[in-house]
Amino acid sequence: MTKTLIRHAVTRDFQSLLEIDEASFPGGVAYDAAELAYFMNRHGAETIVAELDGTIMAFLIMEVHRTHRTATIVTLDVRETHRRTGLGSELLKRSEEILTDYGVEAYDLQVDVTNRGAINFYKKHGFTMVRTLRNYYANGNDAYLMVKEL
Ligand SMILES: CC(C)(COP(=O)(O)OP(=O)(O)OC[C@H]1O[C@@H](n2cnc3c(N)ncnc32)[C@H](O)[C@@H]1OP(=O)(O)O)[C@@H](O)C(=O)NCCC(=O)NCCS
């Protein structure tokens, strides 16, 4: 039987996470190894992964800000073959449990305005659009800032 394990990332997971990120976003928007390492190692950052039978299928990087009142989803990526199977929802839920334990009150993220699937996903999970960030991405695309009260 297939079992999903949600756990914190460890150093040996790095290559899998890089590969999933590269496959999930267009060139110029996906992180390279240095950027991924930078975001995972920033102060307040935590990475959780969803593993199915020993293979990482999805991951989420969150960053708790210094006041401990707010946090940001840095990225959430699910392997294309495993989308719409609930892994993104499971990771998001676990991240919210972790943040609630820390006393975080508001969770935010930026999403490409053309990424309808992700926008739908976040709306379904209670995030609302706050404003548009012009030219947010390296390819010139705008982003929506979305926020949820925890
Ligand atoms: C967005 C993403 C993280 C969603 O993860 P997921 O594991 O596929 O989502 P889930 O299976 O938990 O979906 C839960 C619900 O969200 C909504 N949803 C998810 N993907 C959707 C899509 N492509 N189109 C429309 N609604 C979608 C649906 O309501 C879905 O429920 P349903 O399948 O019963 O209809 C995933 O598609 C992904 O990794 N995309 C590429 C990377 C990306 O864009 N990340 C977000 C950047 S901030």
Rounded distance (nearest 0.5 Å) linking atom [atom1] of [X] with atom [atom2] of [Y]:
X     : Y     : atom1 : atom2 : answer
Ile56 : Leu17 : CD1   : CG    : 5.0 Å
Thr47 : Met62 : OG1   : CE    : 7.5 Å
Ile20 : Asp77 : CD1   : CG    : 7.0 Å
Asp53 : Met57 : CG    : CE    : 8.0 Å
Leu36 : Thr75 : CG    : OG1   : 8.5 Å
Leu87 : Leu52 : CG    : CG    : 5.5 Å

Any chain of hydrophobic side-chain contacts (each under 4.5 Å) joining [X] to [Y]?
X     : Y      : answer
Leu60 : Leu150 : yes
Val74 : Val78  : no
Leu91 : Leu109 : yes

Closest contact, heavy atoms only, Val111 versus Ala118: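 What the structure gives for the nearest pair is CG2-CB, 3.8 Å.
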
Taking every non-hydrogen atom, the tightest pair across Leu76 and Gly88: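 Of all heavy-atom pairs spanning Leu76 and Gly88, the closest is CD2-O, 4.2 Å.
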
[X]: partners by ring pair (Phe, Tyr, Trp, His ring centres under 6.0 Å), with sequence neighbours left out:
X      : value
Tyr107 : Phe127
His125 : Phe121
Phe39  : Tyr31

Partner set under side-chain hydrogen bond (donor to acceptor under 3.5 Å, both in side chains) for Thr85, not counting sequence neighbours: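 Counting only residues at least two positions away or on another chain, Thr85 forms no side-chain hydrogen bond (donor to acceptor under 3.5 Å, both in side chains).
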
Ala33: side-chain contact (heavy atoms from CB on, under 4.5 Å) partners, not counting sequence neighbours: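 side-chain contact (heavy atoms from CB on, under 4.5 Å) check on Ala33 returns Phe14, Leu18.
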
All side-chain contact (heavy atoms from CB on, under 4.5 Å) counterparts of Thr67, not counting sequence neighbours: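 Partners of Thr67 by the side-chain contact (heavy atoms from CB on, under 4.5 Å) criterion, ordered by chain and then number, come out as Arg69, Thr70.
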
Heavy atoms, side chains only, cut-off 4.5 Å: are [X] and [Y] in contact?
X      : Y      : answer
Ile98  : Val104 : no
Ile73  : Leu92  : yes
Ile119 : Met129 : yes
Ser89  : Arg84  : no

Qualifying salt bridge (Lys or Arg N to Asp or Glu O under 4.0 Å) pairs, either residue in residues 5-24, two or more places apart: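 Every salt bridge (Lys or Arg N to Asp or Glu O under 4.0 Å) pair that includes a residue of residues 5-24, provided the two are not neighbours, is Arg7-Asp13, Arg7-Glu51, Glu19-Arg79.
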
Pair Lys93 + Glu90, salt bridge at N-O below 4.0 Å: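 No, no charged N to carboxylate O under 4.0 Å.
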
Derivation of the side chain to side chain contact (heavy atoms under 4.5 Å, CB included) call for Lys148 and Thr128: CA-CA 6 Å; Lys148 176 180 181 175; Thr128 53; over 6 Å; no

Co-members of the apolar cluster containing Leu5 [side chain, <4.5 Å]: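 Hydrophobic cluster check, Leu5: no partners found.
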
Listed partners of Lys123 passing salt bridge (Lys or Arg N to Asp or Glu O under 4.0 Å), at least two apart: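 If we apply the salt bridge (Lys or Arg N to Asp or Glu O under 4.0 Å) test to Lys123, skipping adjacent residues, there are no hits.
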
Pairs satisfying side chain to side chain donor-acceptor pair (under 3.5 Å), at least one member in residues 32-43, at least two apart: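 Residue pairs passing side chain to side chain donor-acceptor pair (under 3.5 Å), neighbours aside: Tyr38-Arg42, Arg42-Glu63.
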
Throw together a table of side-chain donor-acceptor distances under 3.5 angstrom for residues 133-146, partners on residues two or more places apart or in other chains.
unit_1	atom_1	unit_2	atom_2	d
Arg134	NH1	Asp142	OD2	2.8
Tyr136	OH	Gln110	OE1	3.1
Tyr137	OH	Gln110	O	3.4
Tyr137	OH	Asp112	N	3.2
Asn139	OD1	Asn141	N	3.0
Asn141	ND2	Asp112	OD1	3.3
Asn141	ND2	Asp112	OD2	2.9
Asp142	OD1	Asn135	N	2.8

Sequence neighbours excluded - ring-ring contact (aromatic ring centres under 6.0 Å, His included) pairs with any residue from residues 58-106: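 Applying ring-ring contact (aromatic ring centres under 6.0 Å, His included) to every pair that reaches into residues 58-106, excluding sequence neighbours, yields nothing.
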
